[in-house]
Amino acid sequence: MPWAGGLRFKPFPFGVVIDGALKGHTRTVQSEVHASVVVMSDFVHPLADTYAGLPGWVLLVALLGTASGFFIYQVQKATRLVLKGAPEDRFDSWGLRFKEVLTGWLGQKKVLADPVAGTMHVLMFWGFLMLSTDMFDLASANRFSDGLLEPLGLKWAWNGMVEVGYTMAFFGCTAALTRRVAFTPEKLKGKSQLEGNVILLLIMTITLTSYIVEAGEELSGSEFIGIWVQDVMAPTQGVVNLAYWAHMVAISTFLFLIPVSKHMHLVMALPNVFFHDLRPMGTMLPMATNEDGTAVGLDDLDLESFGAVNYTDLTWRSLIDGWACTSCARCQDACPAYASGKALNPMQIIHDIRNYANDHAPILLSGGTPEEDLIARIGEDAIFACTTCHACVEACPIYIDHVPKLTDARRHLMMERMEFNESVEEVVLPLMSTIENIENEGNPYGIPAHERGDWAEGLDVKVAEPAEYIYFAGCAASFDDRNKKVARDTISVMKEAGLDVGILGMMETCNGDPARRAGNEYLFQMLAETNLATFEELGVKKIVSSCPHCFHTLGKEYKAFGGEDIEVLHHSQLISTLQRDGKLPAPKHDGEVTYHDPCYLGRIGGETKAPREIIGGVDAEPARTGEQSFCCGAGGAQMWMEEIVDDDHERVNVIRARELAATGADTVAVGCPFCSTMVTDGLAAIDADMQVQDVAEMVWAQIKANDAAIKANKAAAEAPEEAEA
């Protein structure tokens, strides 16, 4: 039966209009005066009804027009602010980028890393993707489904998809709201939850009202909730109208809130994922690059400023992070600096970027530079608290890069401003001495460079000569007494396998990691160019290192400076290969062993299996392990800074030591010289009786034990023969 304006509501489920009469279900509606029988064809779509003389479509245009106008204005403003960032080419490798969009954005793989909150979010996210298409029907009085989909035979399936979407979103937001109110996570306690709760209530309103609006329509049979509401509630025209406008007001309110709240990630998450950094994690960029991406040499370098101090010093992709953040606080939960009570909260850093842009939008959009710089907004104490462990980056479900913002700020402070706030002077002062040591002696300890190869005395190893494998000892193994043993045992293992191995001796200098992470990029590049010249002179093609920082810097970051043809292995990777090839005994260990994953080997380097395999596996894992391992506290040049914590918090290495001690193991296996030092000190601080050993030490100890056993067995077998003789 037609409506005014040619619009009509659909009959009751399974009802059929024949010759103007409805056969099927009818509905009895009780009014105050009398009971009357009303068939579904008597219902008027809310858009076709009038309200105080105004047609419904006029109200809808005014409502959605105002909300959409505000939404579009705020989105274009944010986009203009993002595009004020420095240029950066992120338009390469389209296949990989689309793949990541499918798995990371649409598939929500990183969101689901938290099975509880992740499942709730996925229900709402996927639900909204499905239900959002219902706007085509809501805004056209069903012309979309009746006029377009029904002739194509798609109406039934589409209605079912929309119904599933509303239902998923309802269950997701109900569970999330219940969790926030009744089972509040620790990270949300004491913080305002008004914004999040309002959004969840809006979603709940949108989903619930949709079922009532459906109940006034002719349903195709796939709207299972709508059918139930028709049978149970039998809503009147007035109830349907009220539900429709509540639905549209909730959507309009949502449009107002999205661009001015954390829910702007609904807009910015997709480009954030698509344009994410495809380079290996933790790889810092040179000060300047050529068109092919290689670093501009020091002799050709011509820069007016260093690092990032102003908003426009950050790249446009880095700035998107500010609007893409969901405020889920996963980065906060993973951050060792935050856990130890320092000023750094990686989530707040991202919020600072966005808040700074919004606070100074008129100046920035006009091309000016605000008086307040970005470093002042973030805070130097936060900038120098970062360990560059990238736990925040790994945890983020929408691919935010927190760390480069901090390391770029360090570059400016170290190379241009060269003065520090009083709040960080005590922290940074030892670091300045370290930088001076590297400049003068090529190592952070300040020990004379000519002593660099002394640790290898008596090993009968090639020094500064061509060899198939060059063992790059690094500064810790060269000068720290505890880690010299690791270097000697590594060489012993390689020689046991019959490898042609050599060391650089005095020709080796610091790889530059401490300088680079501290912010002195110029010194890093000078060291990189020096080492690469040495590698070229000796024809070095394969490098082995027992230090994950050397492994990362030489293997990944030197590529931009000309080291792209050099293969760099962590010693655990090489030993694992040698064991599989039968050149070393099968792995095993004594006692109960746990393993601490170094950040620059596990999470950043992607290697978690080899260190465990070469010692015959582990007996107990700490609570945070593998790519989710907790930092020892030494990275990001923190090894060379003064760590200051208040009485309510513990140092990073102590926090990690407690996790390792909780395993009940006798031995902590490590694969990093700095982890060895930090874990040893942390265990001592909590009086834990655990031994700390590098994996190479454990392998060499087993080889020696095997040799001793073979000799003993041989001697035992020869003894009776000698007695008979």
Side-chain angles (χ1 to χ4, degrees), residues 279-289 294-299 301 303 306-307 386-388 403-404 406-408 410-411 413-415 430-447 449 452 470-480 504 506-537 540 543 545-564 566 568 570 598-601 604-605 634-641 672-674:
R279 292 170 301 144
M281 180 185 284
T283 303
M284 294 177 62
L285 288 170
M287 290 179 283
T289 57
T294 59
V296 175
L298 290 178
D299 293 338
L301 205 59
L303 295 175
F306 299 94
C386 181
T387 68
T388 69
V403 177
L406 302 173
T407 52
D408 283 349
R410 287 184 183 183
R411 283 186 184 180
L413 291 168
M414 276 286 181
M415 299 173 63
L431 180 61
M432 302 309 293
S433 298
T434 299
I435 296 296
E436 186 176 349
N437 289 338
I438 296 175
E439 290 175 338
N440 295 334
E441 301 294 348
N443 69 81
Y445 300 95
I447 298 174
R452 181 174 278 272
I470 290 295
Y471 176 68
F472 193 95
C475 299
S478 296
F479 299 107
D480 178 68
L504 298 177
M506 288 178 57
M507 295 184 72
E508 179 183 305
T509 191
C510 180
N511 69 74
D513 169 82
R516 186 169 228 196
R517 267 68 200 177
N520 196 326
E521 183 69 14
Y522 192 92
L523 176 57
F524 165 77
Q525 186 162 339
M526 183 173 67
L527 294 166
E529 292 180 0
T530 300
N531 275 323
L532 285 168
T534 300
F535 298 160
E536 184 176 3
E537 179 182 344
V540 175
I543 292 176
S545 178
S546 51
C547 173
H549 297 268
C550 295
F551 166 69
H552 174 80
T553 304
L554 299 175
K556 297 176 182 176
E557 298 191 322
Y558 272 29
K559 292 185 185 300
F561 300 88
E564 62 275 1
I566 300 174
V568 181
H570 186 256
C599 299
Y600 273 79
L601 180 62
I604 297 173
Q638 296 295 328
M639 184 75 184
W640 318 106
M641 297 189 217
C672 171
F674 301 112

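Across all their heavy atoms, Ala518 and Ile435 have their closest contact at CB-CD1, 4.2 Å. Arg517 and Ala637 make their closest contact through CB-N, 4.0 Å (heavy atoms, listed as atom of the first residue, atom of the second, distance). Tyr558 and Asn511 make their closest contact through OH-O, 2.8 Å (heavy atoms, listed as atom of the first residue, atom of the second, distance). Minimum interatomic distance between Ala288 and Leu303 (heavy atoms only, all atoms of both residues): CB-CD2, 4.2 Å. Of all heavy-atom pairs between Cys550 and Gly474, the closest is SG-CA, 3.9 Å. For the residue pair Met287 and Met415, the shortest heavy atom distance occurs at SD-CE, 3.5 Å.
Taking the six-membered ring where the residue is Trp, Phe479 and Tyr445 present tilted rings, their angle falling between 30° and 60°.
His552 contributes no side-chain N or O that, together with a main-chain N or O of Ile604, makes up a donor-acceptor pair within less than 3.5 Å. With hydrogens and angles ignored, the 3.5 Å screen pairs a side-chain donor or acceptor of Arg452 with a backbone N or O of Gly442.
One finds the CG atom of Asp480 at 11.0 Å from the SG atom of Cys475 (value rounded to the nearest 0.5 Å).
Within the 4.5 Å cutoff, side-chain heavy atoms of Phe535 are placed close to those of Leu554. Counting heavy atoms from C-beta on, the side chains of Leu431 and Met414 come closer than 4.5 Å. The shortest side-chain heavy-atom distance between Thr509 and Met526 does not fall under the 4.5 Å cut-off. Considering only heavy atoms from C-beta on, Cys599 stays 4.5 Å or farther from Thr387 through its side chain. Looking at heavy atoms from C-beta onward, Phe674 lies out of side-chain contact with Pro548 at the 4.5 angstrom threshold. Residues Val540 and Phe472 have side chains not in contact (no heavy-atom distance under 4.5 Å, counting atoms from C-beta outward). Taking 4.5 Å as the limit, every side-chain heavy atom of Met639 sits out of range of all side-chain heavy atoms of His549.
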Run Cys547 and Tyr600 through side-chain contact (heavy atoms from CB on, under 4.5 Å) and show every step you take.
CA-CA 9 Å; Cys547 173; Tyr600 273 79; over 6 Å; no
Test Arg411 against Arg516 for side-chain contact (heavy atoms from CB on, under 4.5 Å), laying out the working first.
CA-CA 8 Å; Arg411 283 186 184 180; Arg516 186 169 228 196; 4.0 Å; yes
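By the neighbour-count criterion of 12 heavy atoms within 6.0 Å, atom OH of Tyr522 is sparsely surrounded, having that number or fewer from other residues, nucleotides or ligands.
Side chains of Gln525 and Glu521: a donor-acceptor N/O pair is absent below 3.5 angstrom, by distance only.
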